[in-house]
K.L.:
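Can you keep this structure in mind? I'll have questions shortly.
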Amino acid sequence: MSEKETEPTKLDAIVVGAGVAGLYAIYRLRKLGLKVRAYEAGSGVGGTWFWNRYPGCRCDIESMEYSYSFSNELQQEWRWPERYGTQPEILRYINHVADRFDLRRDVQLNTRITSALFDSKTNAWTIKTDNGEVVTAPFCIMATGNLSTPRTPSVPGLKSFKGKVYHTGLWPHEGVDFTGLRVGVIGTGSSGVQLIPHVAKQAKHLYVFQRTANFSLPARNAPLDPEKERKHKAEYPDRRRAAYETPFGIAGYPPPVKSAIEASEEERRRTYAAKWEEGGSINYLYAYTDLLVNKTSNETASEFVREKIRATVKDPRTAELLCPTDHPIGTKRLILDTEYYETYNRDNVALVDIRSAPINEITLDGVRTANVEYALDVIIFATGFDAMTGAMKEIDLRTDKGMTIEEKWANGPRTYLGIMMAGFPNLFMITGPQSPGVKSQMILSCEQHVDWIADCLQHLRDSGLHRIEPEKAAEDAWVQHTNEVADGTLYPLANSWYVGANILGKPRVFMPYVGGVTAYRKKCDEVAAKGYEGFTLAV
Ligand code: N01
C-alpha cells in the first residue's frame with residue numbers, strides 16, 4: 001500500500017465531475033461551510049462542453065436560457081454573442097464561472113474515479129482515483145452527466161482501418177482539417193446533424209452512413225439582438241421563476257392552448273410554418289397541446305417536417321431516405337440544425353442507407369456495406385453515448401452490505417426522484433435517471449438538484465443526523481410513477497437513447513421523468529417539507 005492509500009484525504013463531500021453540475025455543487029456546498037472537492041477526468045472543467053468539440057457543436061437551447069441563474073450579477077454581466085451558444089463560447093462561459101467564483105481550487109483535474117465504497121459503520125464513502133489516491137467523505141455526489149460515456153459500436157475490422165478514426169464526444173483539442181479527404185460519418189443524431197454540414201464544406205467527399213432518419217428543424221441561429229438581450233436581462237429574475245412553471249424549464253414560448261386535431265388543416269399549416277420560420281425545437285412542439293401524447297396530432301407535425309425535407313433536398317430518393325418514418329416527431333431529441341438538409345444538395349455529399357444494406361465491416365481502406373466498399377481517409381463516429389446510466393456504471397460503485405450498481409440497475413435504473421437510490425445511503429445524483437434532467441433546460445435542473453441536496457445536507461447537520469437513504473417502497477412507487485407518466489406519452493414508441501435502444505443489450509426502460517419540471521419540483525419540495533418523506537434518516 002502506498003502512503004497515499006494509508007492516509008485518505010478527508011472531505012465533507014466528494015463531487016464526481018466538474019461540469020455544469022459539479023461546479024455549482026462546489027459553490028453551493030462551500031456556502032454551507034463544507035470541505036468539498038470535485039474530481040474530474042478531463043484536463044479542464046466543463047463536462048459535456050469540454051469533450052464535445054466537434055465542428056458545429058452548439059447548444060439547442062437559447063443562450064439566454066441555457067446559463068446559470070444562481071447569480072444575478074453573473075447573468076447580467078455575461079454577454080452571449082449568438083442566439084444559440086457555440087461549444088467554444090459555452091466552454092468559455094463555464095471557465096469564466098469557475099474563475100469568477102474561485103471554484104478551481106476545489107477541482108482536481110485529470111482524475112477519474114474508479115471505485116466508490118460505502119461503509120455502513122462509519123457512514124462514509126471512500127473513493128479511489130485512477131492515480132491511486134483514496135478519499136473519504138460522509139457524502140458523495142455524482143455530477144457525472146447523462147451523455148458523458150461515448151460509445152463506438154464494435155464493427156468488425158475497425159482496428160485494421162489505416163485512416164483516422166474520431167468520435168464526436170471525444171474530439172481532439174487541436175481540431176481536424178478535412179481538406180482534400182474522403183470522410184465517412186456514421187450516425188445522424190444531434191451530433192452528426194450538427195457536424196455534417198461543416199465537414200461537407202471541407203472534405204473532398206463525404207459519405208453519411210444513416211441507419212435511422214431523425215427529425216431536424218432549422219435553428220435560425222443569428223447574432224443576439226441587443227434589444228432582446230436588454231429586455232431579457234431586465235426581466236431575468238422573473239423569467240427564471242417562470243421557467244420553473246413550464247414543462248421543459250424554458251420560459252418565453254407561449255404555452256399551447258388547443259389540440260392539433262381541433263385546428264383546421266389550414267390553421268395547422270400556418271402554425272407549423274410560423275414555428276419553422278422562428279426556429280426552436282420546444283417552440284415547435286409547443287404548437288399544440290397534444291403533439292407528444294396523440295399519434296394523430298403528432299403525425300400532422302411530423303408530416304409538415306417531412307414535406308420541408310422533400311422540398312429542400314433535390315434528389316427525391318435521398319429526400320425520402322431523410323424522412324423519418326419510424327417514430328413520432330419529438331419522441332427522440334428533436335434536433336436543431338443549420339443547413340443540414342441543404343448539405344445533401346452538394347455534389348461532394350452522398351447519403352448511404354445502412355438500414356437496407358448494413359455496414360458489414362471496416363477494412364484497411366474504408367467501410368464495406370452489404371453492397372459496396374467506400375474508400376475513406378477518415379471515419380467519424382457520431383454514434384452517441386451510453387446515456388444516463390453509463391457514467392455511474394463505469395465506476396465500481398458498491399456498499400459494504402454487498403449492494404452494487406451493476407445489480408441495482410441490471411434491469412434498468414431505479415431511483416427515488418432521480419436523486420438517490422435505496423441501498424446506497426448518502427449517495428446523491430445530479431439529474432439522475434427518473435428526474436426531468438435531459439428533458440429540461442439542463443442547467444436549471446442541475447441547479448434545482450444541487451439546491452435540494454444542499455438543503456438536505458443542511459437539514460441533516462442541523463438535526464444531528466448523519467445518514468439518509470430512500471425507502472424501497474418510496475423508490476418503487478417513484479419508478480412506477482415515472483413509467484406510468486411515460487406510458488401516457490408517445491416517447492416510449494421511439495428507439496431512442498431515452499430507452500437505451502442505442503446500446504446493444506441495454507434493458508429497454510424509459511429513463512427520464514417526463515411529467516414536467518413544474519410537477520417534479522413541486523414533488524421534491526413537498527418531500528423535503530414533510531421531513532424528507534420516503535427517506536430514512538438516521539444518526
Ligand atoms: O447520439 P444519438 P448524439 N451503426 O444517440 C447511430 C445531446 N446532444 O451524440 O438511430 C450505425 O442521438 C444512431 O442510429 P439509430 C442530445 O440530447 C445535444 O447524436 O440508433 N449507426 C444515431 O443516428 C442528443 O440527443 C446537442 O439507428 C449507429 C446516431 O448514431 C444526445 O446528445 C448536440 C450505430 C447516434 O445518435 C446524443 O446525441 C449533440 C451503429 N452501430 C448532442 N450506433 C445539442 O444541440 C448508433 N448509430 C445541445
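Residue numbers run from 1 in the order of the sequence given. In listed order, ligands and their atoms are each counted from 1.
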K.L.:
Considering only heavy atoms, which of Arg211, Lys439, Arg355, Gln194 lies nearest to atom 34 (C) of ligand 1?
P.N.:
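Of the listed residues, Arg211 has the closest heavy atom.
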K.L.:
Counting non-hydrogen protein atoms only, what is the nearest one to atom 6 (C) of ligand 1? Give residue, atom name and distance.
P.N.:
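Answer for atom 6 (C) of ligand 1: Gly187 CA, 3.7 Å.
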K.L.:
Could you find the nearest protein heavy atom to atom 15 (P) of ligand 1 and give me its residue, atom name and distance?
P.N.:
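In this structure, atom 15 (P) of ligand 1 has Thr212 OG1, 3.4 Å as its nearest protein heavy atom.
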K.L.:
Anything under 30° is parallel, anything over 60° is perpendicular, the rest tilted; go ahead and classify His327 against Phe215.
P.N.:
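Rings of His327 and Phe215: perpendicular, as their planes differ by over 60°.
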K.L.:
Considering only protein heavy atoms, which is closest to atom 25 (O) of ligand 1, and at what distance to one decimal place?
P.N.:
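For this ligand atom, the closest protein heavy atom is Trp497 NE1, 2.8 Å.
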K.L.:
Which of the numbered atoms in ligand 1 are below 4.0 angstrom from a heavy atom of Ile186?
P.N.:
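Here the atoms of ligand 1 in question are 11 (C), 21 (N).
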K.L.:
Judged by modelled atom types alone, do Thr369 and Asn371 share a side-chain donor-acceptor pair under 3.5 Å?
P.N.:
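No donor-acceptor contact under 3.5 Å links the two side chains.
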K.L.:
Run the salt-bridge test on Asp353 and Arg211 with the 4.0 Å N-O cut-off and return the result as yes or no.
P.N.:
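No.
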K.L.:
Give the numbers and elements of all ligand 1 atoms closer than 4.0 Å to a heavy atom of Arg333.
P.N.:
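Those atoms are 16 (C), 17 (O), 25 (O).
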K.L.:
For atom 18 (C) of ligand 1, which candidate among Pro153, Ser154, Ser190 holds the nearest heavy atom?
P.N.:
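Closest candidate by heavy-atom distance is Ser190.
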K.L.:
Heavy-atom contacts with Phe385 under 4.0 Å: which atoms of ligand 1 show up? List them by number with element.
P.N.:
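Matching atoms, with element in brackets: 9 (O).
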K.L.:
Just jot down the ligand 1 atoms closer than 4.0 angstrom to any heavy atom of Thr188, in number order.
P.N.:
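In order of numbering, the contacting atoms are 22 (C), 23 (O), 29 (C).
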K.L.:
For atom 36 (O) of ligand 1, which of Gly189, Ala213, Ala387 has the closest heavy atom?
P.N.:
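The nearest heavy atom belongs to Gly189.
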K.L.:
Can you list the ligand 1 atoms lying under 4.0 Å from a non-hydrogen atom of Ile354?
P.N.:
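This gives 11 (C) as the contact atoms.
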K.L.:
Under 6.0 Å from the six-membered ring centre of Phe50 and within 45° of its axis: does the NZ or CZ of Arg53 meet both?
P.N.:
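Geometry flag: set, cation within 6.0 Å and 45°.
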K.L.:
Is it true that Asp386 and Lys506 have a side-chain N and a carboxylate O under 4.0 angstrom from each other?
P.N.:
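Salt bridge flag = yes for Lys506 with Asp386.
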K.L.:
Considering heavy atoms of the protein only, find what lies nearest to atom 1 (O) of ligand 1 and give residue, atom and distance to 0.1 Å.
P.N.:
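It is Gly384 CA, 3.2 Å.
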K.L.:
With a 4.0 Å cut-off on heavy atoms, does Tyr498 reach ligand 1?
P.N.:
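Per 4.0 Å heavy-atom rule, Tyr498 does not contact ligand 1.
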K.L.:
I need the contact type for Cys57 against ligand 1. Using non-hydrogen atoms and a strict under-4.0 Å cut-off, is it side chain, backbone, both or neither?
P.N.:
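For Cys57, no heavy atom sits under 4.0 Å from ligand 1.
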K.L.:
Does Tyr374 have its ring centroid less than 6.0 Å away from the ring centroid of Phe209?
P.N.:
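Centroid distance Tyr374-Phe209: below 6.0 Å, so yes.
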K.L.:
Just say parallel, tilted or perpendicular for the rings of His481 and Tyr513, cut-offs at 30° and 60°.
P.N.:
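It falls in the tilted class, 30° to 60°.
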K.L.:
Thinking salt bridges, do Arg58 and Glu89 make one under a 4.0 Å N-O criterion?
P.N.:
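Answer for the salt bridge query: no.
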K.L.:
Are the aromatic rings of Tyr68 and Phe101 close, with centres under 6.0 Å apart?
P.N.:
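No; Phe101 has its ring centre 6.0 Å or more from that of Tyr68.
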K.L.:
In terms of the angle between their ring planes, are Trp80 and Tyr93 parallel, tilted or perpendicular, with boundaries placed at 30° and 60°?
P.N.:
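Geometry flag for Tyr93 against Trp80: tilted rings.
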K.L.:
Looking at Lys295 and Glu299, is there a salt bridge between them, counting it only when a charged N and a carboxylate O are closer than 4.0 Å?
P.N.:
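Salt bridge: no.
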K.L.:
Give yes if a backbone or side-chain nitrogen or oxygen of Lys332 is under 3.5 Å from a nitrogen or oxygen of ligand 1, and no if not.
P.N.:
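Yes, there is a polar N/O contact under 3.5 Å.
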K.L.:
Starting from atom 35 (C) of ligand 1, find the nearest protein heavy-atom neighbour and note its residue, name and distance.
P.N.:
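Among all protein heavy atoms, the one nearest atom 35 (C) of ligand 1 is Ala382 O, 3.4 Å.
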K.L.:
If the plane angle is over 60° it's perpendicular, under 30° parallel, otherwise tilted; pick one for Tyr288 and Tyr272.
P.N.:
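Aromatic pair Tyr288/Tyr272 classed perpendicular.
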K.L.:
So which heavy atom in the protein is nearest atom 45 (O) of ligand 1, and how far is it from that ligand atom?
P.N.:
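Nearest neighbour among protein heavy atoms for atom 45 (O) of ligand 1, to 0.1 Å: Arg58 O, 3.0 Å.
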K.L.:
Could you pull out, from Phe209, Trp49, Tyr54, the option with a heavy atom nearest to atom 33 (C) of ligand 1?
P.N.:
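Among Phe209, Trp49, Tyr54, the closest heavy atom to atom 33 (C) of ligand 1 belongs to Tyr54.
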K.L.:
Of the side chain and backbone of Ile335, name the one, both, or neither that has a heavy atom under 4.0 Å from an atom of ligand 1.
P.N.:
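It is neither part, as no heavy atom is under 4.0 Å.
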K.L.:
So do Glu278 and Arg220 actually touch side chain to side chain, heavy atoms under 4.5 Å?
P.N.:
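In short, these two side chains do not touch, never coming nearer than 4.5 Å.
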K.L.:
Would you mind checking which non-hydrogen protein atom is closest to atom 7 (C) of ligand 1, with the distance to 0.1 Å?
P.N.:
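The answer is Leu147 CD1, 3.6 Å.
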K.L.:
For Ser191, which part has a heavy atom under 4.0 Å from ligand 1: side chain, backbone, both, or neither?
P.N.:
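The answer is both.
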